[in-house]
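What follows is one structure encoded as structure tokens, with my remarks underneath.
Since the structure is predicted, the reported quantities are computational estimates derived from the model, not experimental observations.
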Amino acid sequence: MLKGIIHCHSRYSFDSIVSISDIVKTIKKHQLDFVILTDHNTIEGSIALKHALKQHNLQHVQVPIAAEYDTEYGDVIAAFVTEELDYNQSFSNFVDQVKSQGGIILFPHPYNGHCNIMKIAYQSDLIEVFNSRQSESGDEKSKYLQEKLKKPFYYSSDAHLLCEFDNVIVQVDAF
């Protein structure tokens with residue numbers, strides 16, 4: 001089993017001031033095995049975190065290259081990608097870009113800020129069913145969507161502040 005955080009933000013997002021060094025401290029404090037850092041519209045945070053972990057001899061901590069992109073239908077997370085994506089294209093083209101890089105699509109907070117929810121859900125590899133920044137009713141609707149489509153799911157802190165990073169630490173099978 002691996003312990004980590006899925007869907008969080010650093011200073012590379014327009015709405016967060018969390019430094020990469022603070023994330024490294026959080027990784028050490030909680031002895032995390034992975035972090036899926038999903039800054040808004042850029043993979044720069046993931047890349048910076050990978051470099052910082054090497055400098056701290058923590059290269060065993062997995063940091064898939066990822067970002068939360070503002071697509072035409074709302075925020076969608078692309079994870080395990082290799083390079084920056086053009087999110088200003090159609091949603092279908094965005095999905096094609098992710099898949100061509102061998103990435104996966106995570107659907108964060110489905111009932112918060114999205115349109116064409118079913119189209120996003122069908123294209124997603126995982127659906128977020130718990131978000132520590134979302135209402136309980138939003139989580140319940142997300143869980144219903146995930147169950148209806150029989151998609152794999154995940155829980156997230158959606159941390160934008162340092163104090164939110166340990167709101168949701170998950171354990172998953174090794175990936």
Side-chain angles (χ1 to χ4, degrees), residues 1-71 75-85 87 97-98 101-110 112-113 124-136 138-139 142-143 146 151-175:
M1 296 295 280
L2 299 175
K3 182 169 68 168
I5 298 172
I6 302 171
H7 186 187
C8 55
H9 301 270
S10 77
R11 68 174 185 79
Y12 288 89
S13 284
F14 64 85
D15 58 355
S16 177
I17 59 168
V18 178
S19 70
I20 296 298
S21 63
D22 281 338
I23 296 173
V24 171
K25 289 175 191 170
T26 299
I27 289 168
K28 288 179 181 179
K29 175 183 172 186
H30 294 289
Q31 300 178 338
L32 300 179
D33 300 303
F34 71 92
V35 172
I36 301 179
L37 183 60
T38 56
D39 287 312
H40 291 288
N41 301 325
T42 183
I43 60 173
E44 289 182 35
S46 294
I47 294 168
L49 180 57
K50 284 176 91 74
H51 290 296
L53 290 171
K54 281 182 188 174
Q55 291 174 341
H56 288 88
N57 292 321
L58 294 169
Q59 50 268 45
H60 66 280
V61 178
Q62 298 178 46
V63 180
I65 302 301
E68 183 174 6
Y69 290 98
D70 182 18
T71 71
D75 291 342
V76 177
I77 295 171
F80 299 92
V81 294
T82 56
E83 57 190 49
E84 201 70 79
L85 300 168
Y87 58 94
Q97 284 182 75
V98 174
Q101 291 185 29
I104 63 171
I105 295 174
L106 287 72
F107 191 3
H109 42 75
N112 184 0
S124 296
D125 297 292
L126 293 105
I127 296 175
E128 188 176 272
V129 299
F130 178 83
N131 180 307
S132 71
R133 296 170 56 99
Q134 178 172 255
S135 71
E136 189 175 326
D139 289 337
S142 299
K143 183 67 175 158
Q146 173 270 321
K151 293 271 187 169
F153 62 91
Y154 67 99
Y155 292 61
S156 89
S157 65
D158 194 3
H160 288 73
L161 304 170
L162 186 58
C163 63
E164 296 172 329
F165 266 75
D166 57 2
N167 282 354
V168 179
I169 297 175
V170 299
Q171 286 192 324
V172 299
D173 291 330
F175 51 85

Judged by atom type as modelled, is there a donor-acceptor pair below 3.5 Å linking the side chain of Lys50 to the main-chain atoms of Val63? yes
Mutual orientation of the aromatic rings belonging to His9 and His40 [parallel < 30°, tilted 30-60°, perpendicular > 60°]: parallel
Go through it in stages, so that I can follow the logic: the residues are Val129 and Asp139, the test is side-chain contact (heavy atoms from CB on, under 4.5 Å), and I'd like the CA-CA distance, side-chain angles, deciding distance and then a yes or no. CA-CA 5 Å; Val129 299; Asp139 289 337; over 6 Å; no
Can you tell me if Glu164 uses its side chain to pair, donor with acceptor, with the backbone of Leu161 under 3.5 Å? yes
Ser10 side chain to Ile20 backbone, donor-acceptor under 3.5 Å: no
Considering the options Val24, Ile27, Thr26, Ile6, which one meets the side chain to side chain contact (heavy atoms under 4.5 Å, CB included) requirement together with Val35? Ile27
Tell me whether the centres of the aromatic rings in His51 and His56 are closer together than 6.0 Å. no
For Val76, is there any backbone N or O sitting under 3.5 Å from a side-chain donor or acceptor partner on Glu68? no
Flag, side chain of Ser157 to backbone of Asp166, donor-acceptor distance under 3.5 Å: no
Donor-acceptor contact present, side-chain Gln101 to main-chain Glu83, <3.5 Å: yes
Spell out, as yes or no, whether a donor-acceptor pair under 3.5 Å connects the side chain of Glu44 to the backbone of Tyr12. no
Less than 4.5 Å apart, any side-chain heavy atom of Thr82 and any of Ile65? no
May I ask you to check if Lys3 and Phe34 form a cation-pi contact, with NZ or CZ under 6.0 angstrom from the six-membered ring centre and within 45° of the axis? no
